Amino acid sequence: MVTQSKTKKSGEDVSEAAQMFQAIADRGEVGILVLDKDDRIEFVNKMFSNITGYQQESLVGKTFTDFLIGENKEVFESLRKACVTSTDKSRQVVEIKTTTSSQAVTEMCCAHYEMHSGDKKTFVYLRDISVQQKLTKELKESEKRYRELFEHIDQGISISTREGKFIDCNPAILKILGYESKEEFLKLDISKDLYVTPQDRKEFQRLIEKDGYVKNYEVAFKKKNGETIPILLTTQAIKNEKGEVIGYQGLNIDISERIRMEQELREKHGFLTNLLESSADCIIVSDMRGRVIFFNKAAARLTGYPTEEVIGKFHVSKFYSLEMAREIMKKLRGDEYGDRGKLENYMLTVSGKHNEEIPVSLSASIVYEGQKELASLGIFTDLREKIKIEKELQDAQVRLLQSEKMASLGSLAAGVAHEINNPLGGILIYASLLMEDFEASKDPRVQDLQKIVEEATRCKEIVKSLLEFGRQTDSRFEPVDINKAILDGLFFLEKQVLFHDIKIIKRQDQTLPFIEGDANQIKQVFMNMMVNAAEAMSEGGGAFTITTGITSDRSSIFISFQDEGTGIPTEIQSKIFDPFFTTKGVGKGTGLGLSTSYGIIQSHHGNIDVTSSSGKGTTFTIYLPIPMETGR
Ligand code: ADP
Ligand code: MG
């Protein structure tokens with residue numbers, strides 16, 4: 001009984017122990033199996049059923065090796081064999097069949113156990129490493145991808161020590177710096193062999209130690225062949241667990257192409273600016289609000305405003321009215337003055353710094369970017385010179401007409417004078433004879449005869465000037481000292497009553513060359529000028545300035561007679577050179593002074609100009625050519 005009860009008791013103990021064992025085994029993270037000598041499963045825990053997906057109960061009695069496919073079976077056999085002979089717990093990766101199509105990857109180890117009864121059991125422990133394996137695989141793949149990127153990217157990547165040696169680098173950096181092998185590159189002393197300026201390396205290290213990184217740091221590196229190459233560094237510090245910097249890794253970008261392009265662009269830009277700057281026409285560019293953004297040298301010259309005073313500060317309305325600006329924009333946008341966005345040869349006046357109105361011709365265009373209006377560009381051509389030349393041309397035409405008129409009048413006058421000269425001579429002789437008789441007989445009519453003789457003498461004078469005007473008198477050309485001719489003329493006139501209230505100012509150029517001419521005729525011209533000036537100043541007096549000099553092109557000399565007299569009203573300016581034109585009373589003016597002078601200067605291949613403003617005075621300027629051998 002005792003035995004019986006004892007047996008029963010121990011039976012209960014056994015099953016309790018088994019239950020406890022089951023509970024312990026089920027809570028573990030490891031799959032546990034107990035196999036009999038034929039590899040049949042005697043015991044299985046919950047984890048193994050989790051790994052394989054099979055029901056725990058359905059597994060008992062199954063043959064374990066059926067879960068192993070291919071070489072996994074051999075791995076298991078070797079593990080089991082090993083654990084019989086040694087206690088060493090070696091592990092192997094073994095794949096186990098599951099309820100799904102994929103196998104579970106496990107790390108397996110085995111243990112051998114012999115019962116009192118002599119039964120041999122195999123304990124199998126399995127740890128599921130599917131997830132871990134997957135992660136490892138992924139890690140390897142990503143490492144591979146990074147390595148590929150590192151190897152194939154065309155930017156240089158390098159890893160270096162703080163002390164200045166490379167640990168690793170990619171092929172791109174070797175190519176950029178012209179090295180054939182990584183081995184020789186890794187031997188370089190970075191600051192000595194690579195940096196053109198070793199100081200740059202020190203500064204780079206200072207920055208990276210301070211911030212932990214350096215971004216877009218420009219340095220010059222030496223290539224293997226000694227050439228210099230600009231490099232842009234973007235580098236990160238590598239730190240150990242203690243946070244100390246032990247090295248650097250980063251990008252080394254070759255920027256020589258970029259710098260070359262920048263330089264080219266700068267040169268191109270410089271060239272274009274230069275082109276615009278040196279244009280003889282004035283170029284003004286403004287943004288669409290009218291603010292001036294470009295203003296070349298010619299524009300500064302035309303308007304008188306210096307470039308730096310204008311750019312970014314002036315509105316175009318400084319140069320012409322707002323209405324005009326609007327008008328121009330309207331015309332630019334329309335198409336009646338050239339294509340849309342263009343305007344050609346538009347006449348307007350621009351006001352300069354000193355309020356002068358400058359006539360210009362404008363060619364303008366709108367600068368577009370796609371459909372958007374960016375700026376307007378105007379090219380202004382100064383028309384002053386053109387207008388001046390046009391006026392000169394007109395004057396020359398007038399003079400030509402005048403000289404034709406004079407030539408015909410001259411021959412007419414000369415003919416008439418010639419005809420009159422002889423009868424006049426007769427009148428004078430007979431009147432003189434008569435007068436002698438009347439004087440002898442004390443006839444009171446002798447005074448009338450005297451008058452006849454006087455008037456006839458005056459007529460003869462006029463006839464003489466007429467003949468001179470018609471160049472009927474002889475002339476002798478020889479070198480003439482113009483300054484002396486002026487003084488000779490003045491010598492006679494200065495003492496005359498006519499000149500009493502007049503201040504004579506002489507501004508004679510003493511270097512004046514001689515000209516070819518008839519000194520007497522020229523003297524006569526000068527005296528005509530002097531007498532006319534004095535007569536014009538007879539009311540109020542004033543200054544009379546005689547200036548001589550050489551023209552800027554050195555082709556002629558000039559003599560100007562400037563008075564402060566009455567001036568010549570514009571409407572009669574075109575007539576003063578006509579023979580017999582006079583504004584002076586009968587008996588006072590003959591109207592032959594200027595026409596005779598004109599004729600004389602013409603025969604000397606010269607010119608007479610007159611400028612006058614009513615009430616202020618008149619300036620006559622005579623130009624006489626300098627003979628070739630003395631001039632220039
Ligand atoms: P005259 O002196 O006999 O009138 P001229 O031929 O010398 O004849 O001059 C013609 C006219 O030109 C003058 O009558 C006068 O109206 C005008 N004139 C000439 N010189 C001057 C001058 N210096 N200032 C003002 N008017 C002048
Ligand atoms: Mg006169």
Side-chain angles (χ1 to χ4, degrees), residues 398-399 402-403 405-407 409-410 412-414 417 455 457-471 486 489-490 492-494 496-507 520-548 558-603 606-623:
V398 168
R399 273 203 298 272
Q402 178 81 0
S403 68
K405 194 161 73 181
M406 298 289 248
L409 270 171
L412 185 74
E455 293 298 306
T457 312
R458 224 169 76 83
C459 280
K460 260 205 101 82
E461 282 297 307
I462 293 174
V463 167
K464 203 179 132 208
S465 5
L466 263 179
L467 283 172
E468 215 156 70
F469 165 67
R471 267 171 274 141
I486 291 169
L490 274 177
F492 283 113
L493 295 174
E494 258 176 335
Q496 308 279 327
V497 189
L498 193 56
F499 282 83
H500 270 180
D501 291 336
I502 294 167
K503 184 172 179 244
I504 299 169
I505 302 165
K506 285 166 274 183
R507 292 203 181 121
N520 283 327
Q521 287 184 354
I522 286 175
K523 244 179 258 177
Q524 194 196 336
V525 172
F526 293 169
M527 282 163 79
N528 278 337
M529 296 293 151
M530 292 168 191
V531 170
N532 279 349
E535 281 172 350
M537 291 191 282
S538 63
E539 297 282 293
F544 177 47
T545 312
I546 304 170
T547 314
T548 60
F558 68 88
I559 311 102
S560 76
F561 301 90
Q562 185 187 1
D563 66 57
E564 294 180 341
T566 53
I568 308 170
T570 349
E571 58 276 16
I572 66 161
Q573 276 182 18
S574 61
K575 296 193 186 118
I576 55 171
F577 291 100
D578 290 355
F580 306 111
F581 177 83
T582 179
T583 53
K584 293 159 195 173
V586 184
K588 278 190 178 159
T590 57
L592 282 173
L594 284 181
S595 52
T596 309
S597 303
Y598 188 93
I600 292 170
I601 298 303
Q602 283 268 297
S603 72
N607 243 327
I608 307 183
D609 262 3
V610 58
T611 56
S612 180
S613 70
S614 226
K616 285 196 181 138
T618 305
T619 305
F620 281 92
T621 309
I622 295 169
Y623 298 91

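Note: hydrogens, waters and symmetry copies are ignored here, and every other heavy atom, side chains too, is used. As the structure is a computational prediction, the values presented were derived from the model and not from experiment. Just so you know, ligand 1 is whichever comes first in the structure, and atom 1 is the first atom listed for that ligand.
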Can you check whether A536 has an N/O within less than 3.5 Å of an N/O in ligand 1? no
Closest to atom 10 (C) of ligand 1 among protein heavy atoms sits F581 O, 3.3 Å
Rounding to 0.5 Å, atoms CD1 (I502) and CE (M537) come to a distance of 4.0 Å
Could you check whether atom CD of E571 has more than 12 heavy atoms from other residues, nucleotides or ligands sitting under 6.0 Å from it?
yes
Take atom NZ of K584 as the centre, draw a 6.0 Å sphere, and report whether it contains more than 12 heavy atoms from other residues, nucleotides or ligands. yes
Q.
Counting C-beta onward and ignoring hydrogens, is there a side-chain heavy-atom pair between Q562 and T547 closer than 4.5 Å?
A. no
Atom 12 (O) of ligand 1: closest protein heavy atom, distance to 0.1 Å, is I576 CG2, 3.3 Å
d(E455 CD, K460 NZ) to nearest 0.5 Å is 15.5 Å
shortest atom 7 (O) of ligand 1-to-protein heavy-atom contact is with N532 ND2, 2.9 Å
Judged by heavy atoms only, the candidate from P569, G585, G591, G565 nearest atom 8 (O) of ligand 1 is G591
Between D609 and the options Y623, F620, F558, the side chain to side chain contact (heavy atoms under 4.5 Å, CB included) test singles out Y623
Short version for F620: what comes under 4.0 Å of ligand 1, heavy atoms counted, is side chain
Per-atom filter on ligand 1: closer than 4.0 angstrom to a heavy atom of G593 are 5 (P), 6 (O), 7 (O)
Rounding to 0.5 Å, atoms CD1 (I601) and CD1 (I522) come to a distance of 6.0 Å
One finds that the ligand 1 atoms under 4.0 Å from a non-hydrogen atom of A533 are 23 (N)
Under 4.0 Å between heavy atoms, the region of N528 that gets near ligand 1 turns out to be neither
of all protein heavy atoms, closest to atom 23 (N) of ligand 1 is D563 OD2, 3.0 Å
task = Please step through side chain to side chain contact (heavy atoms under 4.5 Å, CB included) for the pair F581 and T583, ending with a clear verdict.
result = CA-CA 7 Å; F581 177 83; T583 53; 4.1 Å; yes
Ranked by distance from atom 18 (N) of ligand 1, the top protein heavy atom is I568 CD1, 4.3 Å
Exercise. Is the Mg ion (ligand 2) under 2.8 Å from any N, O or S atom of N532?
Worked result: yes
The answer for which part of T618 has a heavy atom under 4.0 Å from ligand 1 is side chain
re atom 2 (O) of ligand 1, the protein heavy-atom contact at minimum distance is K584 NZ, 2.7 Å
dist I504:CD1 -> D563:CG (nearest 0.5 Å) comes out at 12.0 Å
List the steps and the verdict of side chain to side chain contact (heavy atoms under 4.5 Å, CB included) for L490 and K506. CA-CA 10 Å; L490 274 177; K506 285 166 274 183; 3.8 Å; yes
If you compare T596, L594, T582 by their heavy atoms, the one closest to atom 6 (O) of ligand 1 turns out to be L594
* Looking only at side chains, do S560 and T621 share a donor and an acceptor under 3.5 Å apart? -> no
Task: Within-cut-off N or O pair, T566 and ligand 1, under 3.5 Å - done: no
If we only count N/O pairs under 3.5 Å, is T583 in contact with ligand 1?
yes
